Asker: 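So that we are looking at the same thing, I have put the structure below in structure tokens.
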Amino acid sequence: MINLGRSGFLKNNKDRAGAIIIKIPSEIKLLRNVSSEILESLAPYKMEDAALFDIRLCIEEAVRNAIVHGNNCDKNRDVEVSYVVEHDKLIIEVADQGKGFDHKHLPDPTVEDNITRNNGRGVYLIKRLMDIVEYNESGNRLKMVKYLK
Amino acid sequence: MAVKTEQKNGLAVCHVEGEIDINTAPDIKKAFDKLIGKKEPRVVINLAKVTYVDSSGLATLVEILKNMRSYGGKMKLSNMSPKIKSLFEITKLEKLFDIAVSEEDAISKFV
């Protein structure tokens, strides 16, 4: 487990599937730590900057939603991020400790009525930029897959 | 993140540098609130040195646009990197904003 939280203590741990797990308290300032950690692990794949941009964006959007909407910015609640590369696929899962949300009926942020709204683009961008996006039934765990080749 | 504003051809040209995301969005908004407070009629935002934008950054730019339009102000974006331009295309914000290839192009469309 990689804990990027209150103490700055770092500890690596892998789950049974070989994924690396990062656990952070619900603090926005830690978004970049999480994305940097995952992007650094992709260095051997020599990916183009545009692809790394997309991956960073999706990680930060997903973790931000988990912090803000899932955990209501409660610093006593954690966000758990796991990632693994297998068969040239980057698999990232982001889980919060909230009740979840109705991910099946999200408003389309690109339609005229919503285009000037201040929110609603994060999940939309994730769905457009990742290759596979799946929520668990309750909506408090998101799985994203990006093909690396 | 930094915003530098200069007057050029009678309009305000703002050079934004760095990342426009959830961490910097409040500072970006604050910087433009000064221009909005003065009811600056014509503004070009040069994004040449912007390296990253997230959904909060997009929302902040939308808010700045709405605030400018509320008093009849006009705003154009210029010099977007292809990657950032693609975010505007994906989110259809390219239809909401007036986007110019270059700062000169934006200014000439105003003048």
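First the proteins, then the strands, lettered A, B, ... as listed; each starts at 1. Computed from a predicted structure; not experimentally measured.
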Asker: How many angstroms lie between atom CG of Asp54(B) and atom CG of Leu31(A), to the nearest 0.5 angstrom?
Answerer: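 Rounded to the nearest 0.5 Å, the CG-CG separation comes out at 8.5 Å.
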Asker: Is there a donor-acceptor pair closer than 3.5 Å between any side-chain N or O of Glu63(B) and the backbone N or O of Asn118(A)?
Answerer: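 Such a contact is absent between Glu63(B) side chain and Asn118(A) backbone.
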Asker: Does any backbone or side-chain atom of Thr60(B) lie under 4.5 Å from a heavy atom of chain A? Answer side chain, backbone, both or neither.
Answerer: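 It is neither, since no heavy atom gets under 4.5 Å.
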Asker: What distance do Arg32(A) atom CZ and Tyr52(B) atom OH have between them, rounded to the nearest 0.5 Å?
Answerer: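 One finds 8.0 Å between CZ of Arg32(A) and OH of Tyr52(B).
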Asker: Rounded to the nearest 0.5 Å, what separates atom CZ in Arg128(A) from atom CG in Leu87(B)?
Answerer: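 Those atoms lie 11.0 Å apart.
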Asker: Under the side chain to side chain contact (heavy atoms under 4.5 Å, CB included) test against Leu93(B), which residue among Thr110(A), Thr116(A), Ile115(A) passes?
Answerer: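 When side chain to side chain contact (heavy atoms under 4.5 Å, CB included) is applied between Leu93(B) and each of Thr110(A), Thr116(A), Ile115(A), only Ile115(A) qualifies.
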Asker: For Arg56(A), is it the side chain, the backbone, both, or neither that has a heavy atom closer than 4.5 Å to a heavy atom of chain B?
Answerer: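 Contact with chain B involves both backbone and side-chain atoms of Arg56(A).
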Asker: Charged N to carboxylate O below 4.0 Å: is that the case for Lys83(B) and Asp54(A)?
Answerer: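 So Lys83(B) pairs with Asp54(A) through a salt bridge.
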Asker: With no hydrogens and no angle check, do the side chains of Ser56(B) and Arg64(A) hold a donor and an acceptor under 3.5 Å apart?
Answerer: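 On atom types as modelled, these side chains qualify, holding a pair under 3.5 Å.
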Asker: Drop me the distance from Leu129(A)'s CG to Ile90(B)'s CD1, to the nearest 0.5 angstrom.
Answerer: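 Output value for this atom pair is 4.5 Å.
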Asker: What part of Glu19(B) lies closer than 4.5 angstrom to a heavy atom of chain A: side chain, backbone, both or neither?
Answerer: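 For Glu19(B), side-chain heavy atoms alone lie under 4.5 Å from chain A.
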Asker: Enter the distance from Ser55(B):OG to Leu57(A):CG here, rounded to the nearest 0.5 Å.
Answerer: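 One gets 7.0 Å once the value is rounded to the nearest 0.5 Å.
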Asker: CD1 of Ile22(B) to NZ of Lys29(A): how many Å apart, nearest 0.5 Å?
Answerer: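 Between atom CD1 of Ile22(B) and atom NZ of Lys29(A) there are 14.0 Å.
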